[in-house]
There are 2 protein chains.
Amino acid sequence: MAVGVKEVAAAAGVSVGTVSNVLNRPDRVPEGTVQRVQQAIDQLGFVRNDAARQLRAGRSRSIGLVVPDIGNPFFAEVARGAEDRAADAGMTVLLGNSDENDARQGAHLALFQEQRVNGVLLTPASDDLASLRRFTDAGMPIVLVDHEAEEGALASVAVDDREGGRLAVSHLLQAGRRRIAYVSGPRTVRQVAQRLRGAEDAVAAVPDAVLEVIEQPSLTVLQGRAAGEQLAARAAEDRPDAVFAANDLLAVGLLQAFSFGSGIRVPEDIAMVGYDDIDFASATVVPLSSVRQPARLLGWTGVDLLLKELGGATQDGDDHDRRIRFQPELVARDSSGG
Amino acid sequence: MAVGVKEVAAAAGVSVGTVSNVLNRPDRVPEGTVQRVQQAIDQLGFVRNDAARQLRAGRSRSIGLVVPDIGNPFFAEVARGAEDRAADAGMTVLLGNSDENDARQGAHLALFQEQRVNGVLLTPASDDLASLRRFTDAGMPIVLVDHEAEEGALASVAVDDREGGRLAVSHLLQAGRRRIAYVSGPRTVRQVAQRLRGAEDAVAAVPDAVLEVIEQPSLTVLQGRAAGEQLAARAAEDRPDAVFAANDLLAVGLLQAFSFGSGIRVPEDIAMVGYDDIDFASATVVPLSSVRQPARLLGWTGVDLLLKELGGATQDGDDHDRRIRFQPELVARDSSGG
DNA sequence: ACTAAAGAATGAATCGTTTCATGCTCATGA
DNA sequence: TCATGAGCATGAAACGATTCATTCTTTAGT
């Protein structure tokens with residue numbers, strides 16, 4: 001019933017070693033033999049057992065990717081980029097959703113470790129990176145994605161979130177807005193916090209500008225809508241005249257709340273800037289201004305970095321090469337009056 | 001260096017069999033022993049090697065999921081649903097993108113087969129299901145998702161696409177439109193073809209209505225924009241007065257093309273209906289009417305079905321239970337004048 | 001004709017976990 | 001006192017592919 005190399009070997013009249021060679025280094029086996037073995041394989045419908053292969057090899061041929069939410073187009077893009085680069089290297093990507101939850105993240109990492117992945121790309125659910133040592137110490141390299149590593153311990157591929165926040169809010173201030181609201185996700189999420197710092201930087205540079213923070217439990221369209229309804233419920237004079245959303249999903253939700261039901265006009269009453277510049281940003285009710293990040297490139301580079309760490313001299317590279325940082329870019333559309 | 005059960009056993013002063021029991025059936029081992037072993041595990045930082053485990057077990061604890069494009073929010077939702085159900089059963093989901101390409105799909109399936117997955121959920125890239133037999137014959141069950149199985153061979157979870165197409169176009173016809181364009185993806189994609197048939201059904205029921213088909217190479221925002229630009233380039237009188245897009249991504253692209261640059265008004269000049277009702281549909285320039293499918297439920301049910309096939313009596317269940325079909329639902333918004 | 005070297009093929013050992021038939025100990029009841 | 005059985009623990013065998021030192025075969029060179 002079970003077809004293994006042994007059965008194939010018997011059918012082809014060769015030894016198991018030869019079958020293995022045909023499978024892994026066909027060039028070292030004469031043409032004729034390859035054919036004979038190949039034929040036996042097809043005939044018997046032999047399928048390599050990857051578990052046995054990995055067991056022997058001691059490693060798998062996959063890398064892990066843990067993101068907060070693959071439903072977010074931004075991370076979907078990151079994943080595509082990662083998969084592209086991994087496929088080039090003949091590797092598979094194992095995906096895990098953390099839901100911005102440390103426990104879930106840990107569970108995924110532990111699982112990946114059991115699978116003996118070559119390493120993992122991680123967008124951390126929180127700033128608590130200490131718990132990662134457990135994994136890196138055990139020899140599972142981790143590359144932080146969209147989250148800058150503090151010191152030399154971890155490699156990272158990030159985008160300057162503080163600068164992104166500054167860009168967004170400066171833009172709103174330049175458009176004459178003064179009462180800015182930052183609709184954020186949980187502050188434990190590093191990106192959210194950094195963007196806020198950038199926003200503060202920008203506000204601090206303009207004397208009469210003020211910044212209000214509205215914190216939502218997660219970075220979803222739904223929460224954006226909730227925040228929007230909350231703002232709409234306020235008296236007009238208590239409302240901000242501009243909103244900077246921590247990501248486009250929140251922004252879309254806000255837009256939905258403003259546009260339908262409440263008669264708040266964007267950008268006249270409230271100007272808006274989102275973050276990530278997902279594909280849908282330019283197709284929203286009011287085309288959404290947003291801070292663009294090179295999502296796909298982020299994933300691609302993350303895997304690339306990981307492969308370098310694996311192959312190349314461990315740990316030696318300039319610390320510089322291990323902490324890559326891209327710059328964000330503001331894309332102005334109608335929602336900010338521009 | 002390598003820490004295996006053997007080392008743990010030595011450290012705890014027990015046999016490997018006992019360590020294994022602590023790991024897998026702690027209830028059969030006295031409290032004290034469990035503690036001692038547990039402590040050794042922590043101390044040595046032992047991590048189970050899943051490859052060895054699987055090798056012994058002969059199966060993995062994961063199931064595969066192959067979709068055309070995880071970047072499409074619809075499939076992202078399907079994936080979430082699948083993951084939810086799988087996690088309940090203590091299983092992991094392996095993800096593969098086919099890019100609507102048969103070869104890629106086959107590569108993923110082959111890989112999953114090597115991993116000895118318990119089965120796979122597949123949204124086929126084309127109508128060529130014959131090539132799947134190779135896998136099912138080898139004992140890897142396949143559940144079709146968002147694609148109805150023809151006969152009894154395969155299980156499936158689908159949504160009635162023909163009815164969905166009919167719903168969409170009837171709605172446009174009821175709004176008084178007569179020159180309908182169906183902006184489709186590759187016709188080899190079953191869903192695309194079925195929705196077209198539904199559209200034809202609806203058009204056939206109204207004497208002076210005509211249907212034009214504009215076929216795009218893929219179901220993406222980019223292709224939608226291309227189609228939109230193509231339509232915008234036509235003389236006004238040659239344009240359709242309504243467009244039914246094969247999915248929301250295309251619809252968003254069309255909307256982008258119509259709204260910016262060309263002065264085509266939606267729904268006045270051209271009414272629109274999309275498909276899938278993704279989260280963003282209600283936040284587009286002109287809120288998009290769309291045919292809603294229970295995406296998450298689709299994924300959830302797919303895994304559920306798979307688990308039943310695995311656990312329960314193989315192949316015996318009423319053929320009826322193995323081919324589940326949900327009904328779509330029209331959500332009318334501004335884009336269709338509704 | 002004989003040796004050396006190159007080319008093919010071999011198959012036992014190995015990876016780390018789980019299983020399971022077997023053995024040991026101790027308490028209970030006859 | 002002895003048999004019985006329950007409760008634990010044991011450790012060799014098995015899973016299936018890969019590796020590598022070894023053997024066998026052929027060819028080339030002198």
Side-chain angles (χ1 to χ4, degrees), chain A residues 1-38 40-41 44-62 90 110-111 113-118 138-139, chain B residues 1-38 40-41 44-62 90 110-111 113-118 138-139:
Chain A
M1 192 67 253
V3 204
V5 282
K6 199 147 35 176
E7 284 71 22
V8 173
V14 298
S15 72
V16 294
T18 301
V19 174
S20 179
N21 280 333
V22 169
L23 252 25
N24 302 298
R25 319 184 203 53
D27 43 304
R28 301 206 184 162
V29 180
E31 182 65 14
T33 312
V34 173
Q35 299 238 320
R36 213 146 25 92
V37 172
Q38 207 41 269
I41 288 178
L44 300 178
F46 165 76
V47 176
R48 250 215 203 77
N49 183 323
D50 203 50
R53 205 229 275 253
Q54 284 181 203
L55 174 57
R56 186 71 237 268
R59 320 210 108 280
S60 72
R61 284 167 312 123
S62 47
L111 205 63
Q113 195 179 19
E114 288 191 358
Q115 320 250 32
R116 298 290 189 275
V117 297
N118 287 279
Chain B
M1 194 66 253
V3 201
V5 283
K6 199 144 39 172
E7 283 71 21
V8 173
V14 298
S15 73
V16 295
T18 301
V19 174
S20 179
N21 280 332
V22 169
L23 251 25
N24 302 298
R25 321 183 204 49
D27 44 303
R28 300 207 184 161
V29 181
E31 181 66 14
T33 312
V34 173
Q35 300 240 321
R36 211 144 28 91
V37 173
Q38 208 38 271
I41 288 178
L44 300 178
F46 165 75
V47 176
R48 248 214 204 79
N49 183 324
D50 203 49
R53 205 229 272 256
Q54 284 181 202
L55 173 57
R56 185 73 238 267
R59 319 211 109 280
S60 72
R61 285 168 310 122
S62 45
L111 205 63
Q113 195 179 21
E114 288 192 356
Q115 320 250 32
R116 298 291 189 274
V117 297
N118 287 277

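Note that these values count all heavy atoms, side chains included, but never hydrogens, waters or copies made by symmetry. In what follows, every chain begins at residue 1, and chains take the letters A, B, ... in the order their sequences are listed.
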*Taking all heavy atoms of A/Leu55 and all of B/Ala52, pick out the closest pair and write down the distance.*
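That would be CD1-CB, 3.7 Å.
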*Which atom of B/Ala12 lies closest to which atom of B/Ala40, heavy atoms considered*: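 What the structure gives for the nearest pair is CB-CB, 3.9 Å.
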Rounded to whole angstrom units, what separation is found between the [atom1] atom of [X] and the [atom2] atom of [N]?
X: A/Gln54; N: C/dT17; atom1: CD; atom2: C1'; result: 14 Å
X: B/Lys6; N: C/dC15; atom1: NZ; atom2: P; result: 7 Å
X: A/Glu114; N: C/dG16; atom1: CD; atom2: P; result: 15 Å
X: A/Leu55; N: C/dT18; atom1: CG; atom2: P; result: 12 Å
X: B/Asn49; N: C/dT17; atom1: CG; atom2: P; result: 6 Å
X: B/Glu7; N: C/dG16; atom1: CD; atom2: C1'; result: 10 Å

_Sugar-phosphate, base or nothing in reach of B/Arg25, heavy atoms under 4.0 Å_ =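 Sugar-phosphate contact only.
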*Earlier contact from the 5' end, DNA chain D, for A/Asn24 and B/Ala52*: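 Closer to the 5' end of DNA chain D: B/Ala52.
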_Taking side chain to side chain donor-acceptor pair (under 3.5 Å) as the definition, give me every residue that meets it alongside B/Gln35, ordered by chain and number, with sequence neighbours left out._
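Counting only residues at least two positions away or on another chain, B/Gln35 forms a side chain to side chain donor-acceptor pair (under 3.5 Å) with B/Glu31.
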Return the set of residues passing side-chain contact (heavy atoms from CB on, under 4.5 Å) with [X] (not counting sequence neighbours), or none when no residue passes.
X: B/Leu111; result: A/Thr92, B/Glu114, B/Gln115
X: B/Asn118; result: B/Arg59, B/Ser60, B/Ile63, B/Met91, B/Leu310
X: B/Arg36; result: B/Val14, B/Thr33
X: A/Glu7; result: A/Val3, A/Leu44

*If you walk 5' to 3' along DNA chain D, what is the first nucleotide with an atom under 4.0 Å of a heavy atom in chain A, and what is the last?*
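In short, chain A contacts DNA chain D from D/dG16 to D/dT19.
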Set out, line by line, the N/O atom pairs under 3.5 Å between protein and nucleotides 6-10 of chain C.
from: C/dA9; atom 1: OP1; to: A/Thr33; atom 2: OG1; distance (Å): 3.0
from: C/dT10; atom 1: OP2; to: A/Ser15; atom 2: N; distance (Å): 2.5
from: C/dT10; atom 1: OP2; to: A/Ser15; atom 2: OG; distance (Å): 2.9
from: C/dT10; atom 1: OP2; to: A/Thr18; atom 2: OG1; distance (Å): 3.0
from: C/dT10; atom 1: O5'; to: A/Ser15; atom 2: OG; distance (Å): 3.4

Only distances under 3.5 Å count here; give the side-chain donor-acceptor pairs of residues 22-30 of chain B to other protein atoms, sequence neighbours excluded, each with its distance to 0.1 Å.
from: B/Asn24; atom 1: OD1; to: B/Arg48; atom 2: NH2; distance (Å): 2.9
from: B/Asn24; atom 1: ND2; to: B/Ser20; atom 2: O; distance (Å): 2.9
from: B/Asn24; atom 1: ND2; to: B/Ser20; atom 2: OG; distance (Å): 3.3
from: B/Arg25; atom 1: NH1; to: B/Asn21; atom 2: OD1; distance (Å): 2.8

*Has A/Arg59 got a side-chain N or O lying under 4.0 Å from the OP1 or OP2 atom of C/dC15?*
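So the side-chain polar atoms of A/Arg59 never come under 4.0 Å of the phosphate oxygens OP1 or OP2 of C/dC15.
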*Answer whether the closest heavy-atom distance between the side chains of A/Arg61 and A/Gln54 falls below 4.5 Å.*
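No, every pair of side-chain atoms sits at 4.5 Å or beyond.
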*Please round to 10 degrees the angle between the axis of the first five pairs and the axis of the last five pairs in the helix from C/dA1-D/dT30 to C/dA30-D/dT1.*
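The end-segment axes of the helix from C/dA1-D/dT30 to C/dA30-D/dT1 are tilted 50° relative to each other.
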*With sequence neighbours left out, what residues match B/Arg116 under salt bridge (charged side-chain N to carboxylate O under 4.0 Å, His left out)?*
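If we apply the salt bridge (charged side-chain N to carboxylate O under 4.0 Å, His left out) test to B/Arg116, skipping adjacent residues, there are no hits.
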_B/Arg53 (side chain) and C/dT17 (base): donor-acceptor pair under 3.5 Å_ =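 Absent.
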*Between CZ on residue A/Phe46 and CD on residue A/Gln38, distance to nearest 0.5 Å*: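 Here the rounded value is 10.0 Å.
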